Engineer: 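Here it is, the structure in full.
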Amino acid sequence: MSDAGYDHAAVEQRWQAAWDDAGAYRTSDDVDDPTYVLGMYPYPSGKLHMGHVRNYTITDAYARYRRMQGDDVLHPMGWDAFGLPAENAAKERDTNPRDWTFDCIDTMRDQMRAMGFGYDWEREIATCTPEYYQWNQWLFSRFHEEDLVERRDAEVNWCPHCETVLADEQVEGEAELCWRCDTPVEQRELEQWFLKITEYADELLEDIDELEGWPNSVRQMQRNWIGRQYGAEVEFEIGGHGSVTAFTTRLDTIHGATFFALAPDHPISEQAAEEDDDVRHFIEHEADPEGDEPNGVATDLTATNPVTGEEIPVYVADFVLSDVGTGALMAVPGHDERDHAFAEKMGEEIVPVIAPEPEEGEEPEIPDISEEAFTDDGVLVNSGEYDGLDSETARERLTDDIESAEHTTQYQLRDWGISRQRYWGTPIPVVHCHDGCGSVVVPDEELPVELPEFINTTGNPLDAAEEWKQTTCPDCGGDATRETDTMDTFVDSSWYFLRYVSPELDEAPFDLARANDWMPVDQYVGGIEHAVMHLLYSRFFTKVLADHEGLEHREPFTNLLAQGMVQLEGEKMSKSKGNTVSPQRIVEEYGADTARLFMMQAAQPERDFDWSEEGVRSTNAFLTRLKEMVEDFATEQPAGEDDAIARYVANEIDATVAIAGGEYDDLTFNRALRETQDLVRTLRQYAAYTEPHAETYERGLSAVVRLLAPVAPHLAEELYAELDTGEDGDENRTENAFVVDASWPTATVDREYVTKRRQLVENTREDVRDIIDVAGIEDPQAIDVVVAPDWKYDALEIAIESDAPNLIGELMQESHIREQGDAAADYGQDLQAEREALSMTLGPDEEHEALESAAWLLEREFEAPVSVVHADEVDESVLKNAAPGRPAIEIDD
RNA sequence: GCGAGGGUAGCCAAGCGGCCAACGGCGGCGGACUCAAGAUCCGCUCGUGUAGACGUUCGUGGGUUCGAUUCCCUCCCCUCGCACCA
C-alpha cells in the first residue's frame, strides 16, 4: 500500500472542467422552492483563508447532500465588495479601489473553483457594481418614503486613522478602539443619515423567540443588544430649571429617593456649570464615565420628590449616562448598588423602603441596607399609604397616582447611522439644494448615482470630486450639491440574499414573486462575529420589505449555523500572529478534497478545532486507499459467495447509510464521515479476509462514494465513474451521470435496529475476549455461541409489558414458560431484579443471524472455528447463561 | 454584576435517566505483515479477578429516583457576549 497520494490535481481539474461544461450547479429560475443554502459572502480581500474554506465547505457539503436527496438547491456566491480596505490598498498601490477589488474577486473566485465549491456562478453578485448598489439607493428612497430615514446631528464615533465614522458596534472594548485598526476612537458632531431600526425594536425582539433554528447564543446576543426595559418616566421639579424627567424601572422605591443625579452633559448640568465653578470644573476635568469609580459633584439645586414633596439634593455625576434612560435619575441608595456606593461616598442618607417578602402572616422585616443595597423586589415599607404593597402592585399604583408618571419602554438599540465619510461605498442618493429645497432624495429615474473616479486624497474623495458634487436640484432645478456620504456596507449585506433570486433584474432589487417562493434562506452559515450587526440589520430590512414591498416573509434565515474557528495549536489563526495555514498550499500539496474532508471530519461545524498537518496527511492517505480499492475492484471483479460474511457486510452498509443520512441532516458531518470511514475499513477487512461477493462489495463502495460525495466531490466523481454499473439504490442512474446528481443511498433498516445489532455483536466479541483473558486460555480450539431459547424472549417481552407486582406468577401463567421449571424460575428472578431496566432486544432469529454473520470476526481474531447455534441444539447446562441480547459462550481449550 | 454555553479517563472529545468503566480520535503498550522502516491490520490502555464478575470513577457538595455521567439545587472553575443600563 503506497502512501504517495494520488494525482489530485488531475482529478480535480478534470471534474471542475466537466461540471463547468455541463453547467452542473445552475439553478433554473423555473424551480418552485429550492432549498436555499447560503454562506455569508466574503469581503474580497484577495485571499481565501481557512475560515472561508471551512464556512463554504459546510454550505457546499450541505447543498450537495440536499441535492442528492432530490431537492432543487440554490447555492449562490457573491462579494461584499465595498469597504475601506480597498481604498487603503488603492492608495498603497497607486491604483483605484475598483480595479483592486475586481482583481481580488478574480483571484478568490479562482480559489473557490479550485476548492470545488458548487456555486451557480451565473448568480454571482458584487455589491460595488452600479447594477447592485443602485438598489441600495432605491431602497434608501423607499425607506425615506416610509419615514424610516432621518438626517440629524449626531455625536459619532470617529476613527482618526480611518477618517471615518464608526457604528457603536464597530467600536471595541473598554478602550474604545476601532475594530479595523485599533486606533482609539474620538467623538465628533456630524450631520448623519439614520435608518430608524428602533421603529422595529419590538418586533425584532419578539420574533427572536420564533427563530428556533438559530443558536441560543446569537438569539441572546440580539436580545441584549435590543435591550428592552419596561419602566416609568417620572418628573422631578428642580428649583429654577423646571421639571426634569427621570426614567426608572423601580418606581416602587421612589419614597427612598434621597438625591437626584444628572449626566455631565445633561442640559441642566451645562446650565449649572455656567453659574457654578465647582460643577464646571467637575464636568470639564473630573468626570470620567469610563472609570469604575462613581464621581460626582453637589450642585446648589434641589429636586422635589413628586410623591413625598421632599426636597432632595441634585448632583452631577459621571455614572449617569446621557444615552441611558433620560440622562437623569432618581437615586435610591437603599435599593440600588451604584446609588448606594455614591451615597456612601457623598454622605447621603440611605433609607430602606422595600423589605423582603415576609412569610405568610408575618410582618415585613426592614432589611439592613447600611452595608449593601437590597435590590430585589419585595413589599413596601416607609412608604406611607403604599406600605405593605408588593413591588409590582406598587409600581402600577404609583404610575397611576403620580401625575407626571407614565409607563415607558427603554431600548438599548439605537437608530442605525449609515453615513460614512468614505469613497468606496454606495453614494447616499441625496442632493442638497442651494435654493431652499433642503435635502432632496434623488428620484428613482435618476438612479444610480454613480461613484465618480477615485481621487487619491486624505479626506473623503467624494468631497474632492468637485465636478461630481455640483448638480441641480431635482425639485427646483437650481444649483445643488451632492451628498458626499456613502452607506455603511452593512446596508449592502442586509438584502443581498434577495438579489441572488434574480441577479440580473433591472426593474427592481429582486423578483418579488420568486423571492416569495424561494425565501427564506433555509440554511445560513457564517461566523459568530456577525451575530448582532449583520443578522439584525438583515432581519430589519426583511421586515421593512415585508411591510412595504410585498415580501411575504418576515425573517430572512430559518436555520443559522455559527461555524467555529480553525485554530493552530489552540490559537486563532491570524496574520499578525503569523500562524496561518494557507489553503492554497494545502490544495497544491494534498488537494481540495483532502482539505475539505479533513475539516469536515475534524469537528462539529460549530466548534473550534485545531488544524493538524498529521490529520491532513492521514485524510489524504484515506482517500488514496479508497481510490485503490475502487480501482482494484473495477479491474477485476471478485467472485466470492453471498455467504454469512457478505451478509455482515451488507448489514454494515445499511447501518452506515442509516446513520450517516441522519447526521448529514443535522450538519454533523464529522459523525457521518466517521461512519463512512468505518465502512471503508470494514470493506477492506472483508476483502483482506476472503474473496468478496462482488455485488455486496460494490454496493458498499458505491454507498461510500456517494456518502463522501458532498465533502470530497472530485474524487467521488472519479470513483463513481469507475463504478459505472447500475447498482443498488441508485436506479436513476444513467450512463455518464455525475455523482452530484446521484441519489442518496438508502437503507432498509432503521437506526435503532442497527444499533442493537451492532451492540449485540460488539458485546459478544468483548465477552469472548474477557473469558479468554480471565480464564487464561492460551489457544482456544473452538468457540460456541448459543442463542437463548425462544421462551426467554417471550418471558422478556412479558416482563417489559407487565406491571403485575409478581412477575414470576405472571410468567408462570404461560404454559410453555412454566414447563421450563427451575430455569424459568431462575430467569424470572433475573428479570424481576432488573425489571425497571429491561428493554426489548432483537428476536432470536435476528440474533442468530447477526451473530452468525459476525462469526468471521471471532474466527479471524482467535483463529478458532466458531459456531453459532440455536438453543435447541445444545445441552441444557449450557443455556443457563444465555439470555436475549446475550448469548451463552462456550470455549474449548 | 447580568446573560449564554461549558467542566467526562494522559490529551482531544461523544453520551445527556437503566444496554455506561462510559462511542471515536490522538498519544502510549503488545501483536500480525516486512530484511527493516513507514503505511495498513488486530488487540490493550482505572483497579482486582483462572469463564463473560466485582470495586472505585464523569468539577464540588447535597437532593429526586428502584436506578444518575445523564434530572433538580448549592458552590467552585473556564469560554463567549453585554455591562457604572437608572
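Residue numbers begin at 1 in each chain, while the letters A, B, ... track the order of the sequences. Keep in mind that what you see is a predicted model, and the values were worked out from it rather than measured.
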Engineer: Using the C1' atom on both, measure B:rG6 against B:rG15 and round to a whole Å.
Structural biologist: 15 Å
Engineer: Please state the P separation for the pair B:rC85 and B:rG3 - nearest whole angstrom.
Structural biologist: 14 Å
Engineer: Base of B:rG52, side chain of A:Asp767 - is there a donor-acceptor contact under 3.5 Å?
Structural biologist: yes
Engineer: State plainly whether the residues A:Arg751 and A:Glu663 are in salt-bridge range, i.e. N to O under 4.0 Å.
Structural biologist: yes
Engineer: Look at all strands and tell whether A:Asp318 reaches a base, only sugar-phosphate, or nothing, counting heavy atoms closer than 4.0 Å.
Structural biologist: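 Here A:Asp318 touches the bases of the nucleic acid.
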Engineer: Would you measure the distance from the C1' atom in B:rU45 across to the matching atom in B:rG62 and give it in whole Å?
Structural biologist: 34 Å
Engineer: Sugar-phosphate means primed atoms, P, OP1 and OP2; the rest is base. With that split, encode nucleotides 22-33 of chain B 5' to 3' as B, S or - using protein heavy atoms under 4.0 Å.
Structural biologist: -BSS--------
Engineer: Under 4.0 Å between any heavy atoms, over every strand shown, what does A:Asn670 touch: base, sugar-phosphate, or nothing? Just pick one.
Structural biologist: nothing
Engineer: Do the charged groups of A:Asp377 and A:Arg395 touch, with an N to O distance under 4.0 Å?
Structural biologist: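 Between A:Arg395 and A:Asp377 there is a salt bridge, with a charged N closer than 4.0 Å to a carboxylate O.
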Engineer: Roughly how far apart, to the nearest Å, are B:rU60 and B:rC76 at atom C1'?
Structural biologist: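 Here B:rU60 and B:rC76 have their C1' atoms 7 Å from each other.
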Engineer: Salt bridge check, A:Arg228 against A:Glu206: does any charged N sit closer than 4.0 Å to a carboxylate O?
Structural biologist: yes
Engineer: Quick one: do A:Glu847 and A:Lys792 make a salt bridge, cutoff under 4.0 Å?
Structural biologist: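 Result for this pair is no, no salt bridge flagged.
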Engineer: I'd like to know if A:Asn763 reaches the base of B:rG52 with its side chain, counting only an N/O donor and acceptor under 3.5 Å.
Structural biologist: no
Engineer: Considering Watson-Crick and G-U wobble pairs with both distances under 3.5 Å, what does B:rG27 pair with?
Structural biologist: B:rU45
Engineer: Considering only side-chain heavy atoms of A:Glu861, which listed nucleotide, B:rG43, B:rA86, B:rG18, is closest?
Structural biologist: B:rG43
Engineer: A:Met840: which residues meet the side-chain contact (heavy atoms from CB on, under 4.5 Å) condition with it, sequence neighbours left out?
Structural biologist: A:Lys756, A:Leu796, A:Glu797, A:Ile800
Engineer: Identify which nucleotide among B:rC44, B:rA13, B:rU40 has an atom closest to any side-chain atom of A:Arg607, counting heavy atoms from C-beta outward.
Structural biologist: B:rA13
Engineer: Is a donor from one side chain sitting under 3.5 angstrom from an acceptor on the other, for A:Thr841 and A:Arg886?
Structural biologist: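 Judged by distance alone, the side chains do not pair up.
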Engineer: State plainly whether the residues A:Arg617 and A:Glu614 are in salt-bridge range, i.e. N to O under 4.0 Å.
Structural biologist: yes
Engineer: Give the residues of residues 257-266 of chain A touching RNA chain B, defined as any heavy atom closer than 4.0 Å, sorted by residue number.
Structural biologist: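 Correct list: empty, so none.
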Engineer: Considering Watson-Crick and G-U wobble pairs with both distances under 3.5 Å, what does B:rG38 pair with?
Structural biologist: none
Engineer: Taking A:Asp666 first and then A:Arg671, would you say they form a salt bridge - that is, a charged N and a carboxylate O separated by under 4.0 Å?
Structural biologist: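 Judged by the 4.0 Å cut-off on N to carboxylate O distance, A:Asp666 and A:Arg671 do not form a salt bridge.
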Engineer: For A:Glu762, answer base if it contacts any base atom (sugar-phosphate contacts may also be present), sugar-phosphate if it contacts only those atoms, and nothing otherwise; contact means non-hydrogen atoms under 4.0 Å.
Structural biologist: nothing
Engineer: Looking at every strand, decide which applies to A:Glu836 at a 4.0 Å heavy-atom threshold: base, sugar-phosphate, or nothing.
Structural biologist: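 The residue A:Glu836 makes base contact.
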Engineer: Mind checking the C1' distance from B:rC75 to B:rG7? Whole angstroms is fine.
Structural biologist: 14 Å
Engineer: Could you pick out which residue, A:Asn295 or A:Val768, lies toward the 5' side of RNA chain B when each is mapped onto its nearest nucleotide?
Structural biologist: A:Val768
Engineer: Between B:rA14 and B:rG31, how far apart are the two C1' atoms, rounded to whole Å?
Structural biologist: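 These two C1' atoms come out 29 Å apart once rounded.
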Engineer: What integer number of Å spans the P atoms of B:rG30 and B:rC78?
Structural biologist: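 About 40 Å, rounded to a whole number of Å.
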Engineer: Does A:Arg223 pair with A:Asp209 as a salt bridge, N-O distance under 4.0 Å?
Structural biologist: yes
Engineer: Classify A:Pro887 by what it touches in the nucleic acid, base, sugar-phosphate, or nothing, heavy-atom distance under 4.0 Å.
Structural biologist: base
Engineer: Among A:Thr676, A:Asn670, A:Thr619, which one satisfies side chain to side chain donor-acceptor pair (under 3.5 Å) with A:Gln601?
Structural biologist: A:Thr619
Engineer: Now, which nucleotide makes the Watson-Crick or G-U wobble pair with B:rG3, with each of the two distances under 3.5 Å?
Structural biologist: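 Per the H-bond distance test, B:rC80.
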Engineer: Roughly how many Å apart are B:rG18 and B:rA68, using the C1' atom of each and rounding to a whole number?
Structural biologist: 9 Å
